[in-house]
Amino acid sequence: MTELLKGIAASSGVAVAKAYLLVQPDLSFEKKTVENTDAEKARLDDALAASTGELQAIRDKAATNLGEEEAQVFDAHLMVLADPEMVGQIKDSIESNKVNAESALKEVTDMFISIFEGMEDNAYMQERAADIKDVTKRVMSHLLGVTLPNPALINEEVVVIAHDLTPSDTAQLNKQFVKAFITNIGGRTSHSAIMARTLEIPAIVGTNNITELVKEGDVLAANGITGEVIINPNEDQKTAFLAEGEKYAKQKAEWALFKDAETVTADGKHFELAANIGTPKDVEGVLDNGGEAIGLYRTEFLYMESQDFPTEEEQYLAYKAVLEGMNGKPVVVRTMDIGGDKELPYFDLPHEMNPFLGYRALRISISEEGNTWFRTQLRALLRASVHGQLRVMFPMVALVKEFLAAKAIWDEEKAKLIAEGVAVADDIQVGIMIEIPAAAMIADRFAKHVDFMSIGTNDLIQYSMAADRMNDQVAYLYQPYNPSILRLIKNVIDAMHAEGKWAGMCGEMAGDQKAVPLLVGMGLDEFSMSATSILQTRSLMNRLDTTKMKELADKALNEVDTMEEVLALVEEYVGE
Ligand code: PEP
Ligand code: MG
């Protein structure tokens with residue numbers, strides 16, 4: 001049956017393809033007594049063999065798509081499967097307790113897991129416990145005859161359906177086959193949505209229950225521009241969706257004409273259009289889309305993709321690659337922003353009631369525990385600084401004191417390196433993100449200390465409105481155009497201009513076509529966005545007149561109450 005639903009449009013583009021359910025199946029089973037223990041052992045052997053074959057295929061795929069290092073995780077899984085000690089104990093349990101293979105498997109693996117997990121200080125053993133859990137799930141799925149999702153093995157065009165996608169799930173999606181993804185939860189600024197835009201995979205998030213509505217074999221039509229999804233569309237609907245896709249492709253071709261053009265308004269004022277990236281691989285997309293700078297390099301992906309904290313050398317090579325890739329154009333690197341929805345498998349963050357309000361980002365970096373990791377990152381950055389135009393930025397600053405503490409560590413590491421005879425650039429700007437309303441309010445005080453500010457609206461809006469950016473039930477409060485948010489932004493821009501310094505924005509609002517006219521009117525200097533939004537924004541700016549946009553911004557800031565009224569003003573001044 002055809003069914004229409006609407007989610008949050010998170011990444012533009014249209015797709016019509018078969019559904020791929022990235023959903024964990026039910027692995028519950030009944031404990032049974034068995035007479036024929038040989039048959040049970042044979043069932044176990046079959047499940048082990050099938051799991052081994054599957055893991056080998058995933059391993060090979062991961063090695064080709066992601067590299068040998070990523071593939072090693074699966075080697076560890078294969079070793080667990082071949083462990084004679086564990087397999088022997090499962091078979092003994094079938095034999096002596098006369099139970100089915102499922103319950104023997106669970107009983108024995110649970111025992112191993114709890115022994116390894118008990119060795120709390122031993123990270124290696126903790127990892128082994130995680131490996132056994134993963135492998136047990138796979139063997140159990142074969143015993144029960146259900147299929148585990150294996151996104152790495154997708155080899156036909158699909159639309160991926162999931163409750164949520166972690167940033168690492170998203171990174172593994174192969175653009176060649178994954179034509180779109182749709183999730184139950186998330187918002188436009190959740191990290192999977194941001195990555196989808198970088199990867200140019202159409203995405204719709206926050207549908208609430210797509211995983212309950214879609215079955216294996218269904219066909220999906222997904223429109224990442226409007227957020228519309230149709231389950232099993234009829235021929236007319238398919239044609240309409242595909243026509244939308246073509247219209248979007250045409251628009252993209254028109255924007256592409258701006259690739260080598262300067263970013264200027266109709267009255268000849270220049271603004272800087274920069275890109276947000278997550279890995280050195282993204283630099284290519286920045287240049288392809290005519291980016292003038294990198295306004296935000298989210299270094300935490302480097303941490304999230306590693307098996308342990310990345311070494312100084314690993315980080316140095318990544319930063320150098322980005323700086324060299326940008327060939328002298330500015331690169332703003334943000335120091336690690338761990339916490340919130342960005343977890344590290346090897347760093348046990350304490351369980352918190354409100355992780356977005358908790359121990360995260362710079363709060364970790366300047367803590368006693370985080371100090372060494374922070375210093376390692378700063379040294380890598382300082383060493384890389386000679387390869388281009390580096391700017392360093394600290395995330396989640398609330399207090400002037402926090403900035404000064406971080407800056408003091410930066411200065412110390414810089415002095416140490418110079419004393420060691422290491423070359424370091426002498427023109428590195430050091431700035432902060434403005435993501436916390438308290439910092440935005442006293443931007444004038446911060447402005448005296450920092451070289452630049454970049455407004456992180458993704459967090460600034462969630463903290464100002466007290467509305468979780470991941471929660472679609474409060475998504476209506478996520479209001480970039482609300483006069484309250486505009487006033488905070490204006491306060492930051494004016495404070496920096498009073499000191500003769502620049503203010504940028506790297507939250508998603510910077511690439512929002514309805515917000516750009518307001519930001520131009522407020523005098524924002526640098527706009528940093530998903531690379532794929534740059535050309536569209538350059539084309540828009542080309543039509544804007546700064547005097548008129550200033551008038552628009554003044555009205556939005558001072559004469560209206562609501563976001564709807566602000567949007568009506570934008571339409572009046574700019575048109576649709
Ligand atoms: C922001 O908060 O606006 C931002 C750019 O940082 P992130 O999205 O990584 O939290
Ligand atoms: Mg943020």
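As the structure lists them, so they are numbered: ligands from 1, and atoms in each ligand from 1. Bear in mind the structure is a predicted one, so any value in this text is a computation, not a measurement.
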Under 4.0 Å between heavy atoms, the region of Lys342 that gets near ligand 1 turns out to be side chain
Note: Met433, heavy atoms under 4.0 Å from ligand 1, region reported as side chain
Heavy atoms of Val286 and Ala531 approach each other most closely as CA-CB, 4.0 Å
| query | Angle class for the Phe309/Trp373 ring planes (parallel below 30°, perpendicular above 60°, tilted otherwise)? | reply | parallel
Under 4.0 Å from one or more heavy atoms of Arg469, ligand 1 contributes atoms 2 (O), 7 (P), 8 (O), 10 (O)
Should the pair Lys501-Asp451 be classified as a salt bridge under the 4.0 Å nitrogen-to-oxygen rule? no
NZ/Lys548: more than 12 non-hydrogen atoms of other groups inside 6.0 Å: no
In Glu435, the N/O/S atom nearest the Mg ion (ligand 2) carries the name OE2
**Request:** Examine Arg298 against ligand 1 and note whether any of their N/O atoms are separated by less than 3.5 Å.
**Result:** yes
Under 2.8 Å from the Mg ion (ligand 2), is there an N/O/S atom belonging to Asp459?
yes
- request: Return a yes/no value for Ile455: is any of its N or O atoms, backbone included, closer than 3.5 angstrom to an N or O of ligand 1?
  value: no
Honestly, for Arg334 the part within reach of ligand 1 (heavy atoms, under 4.0 Å) is side chain
Looking at Glu324, I want to see if its CD is surrounded by more than 12 non-hydrogen atoms of other residues, nucleotides or ligands under 6.0 Å.
yes
Candidates Ile194, Asp459, Leu460; heavy atom nearest atom 2 (O) of ligand 1 found on Asp459
In Phe394, Trp502, Phe446, the residue satisfying ring-ring contact (aromatic ring centres under 6.0 Å, His included) with Phe452 is Trp502
**Step-by-step side-chain hydrogen bond (donor to acceptor under 3.5 Å, both in side chains) determination, Glu312 to Tyr316** = CA-CA 6 Å; Glu312 182 181 317; Tyr316 163 74; over 6 Å; no
Taken to the nearest 0.5 Å, the spacing of Leu165 CG from Asn184 CG works out to 10.0 Å
Counting heavy atoms under 4.0 Å, the part of Met505 that contacts ligand 1 is neither
Counting from 1 in the order shown, the ligand 1 atoms closer than 4.0 Å to a non-hydrogen atom of Cys506 are 5 (C)
One finds that the ligand 1 atoms under 4.0 Å from a non-hydrogen atom of Leu296 are 5 (C)
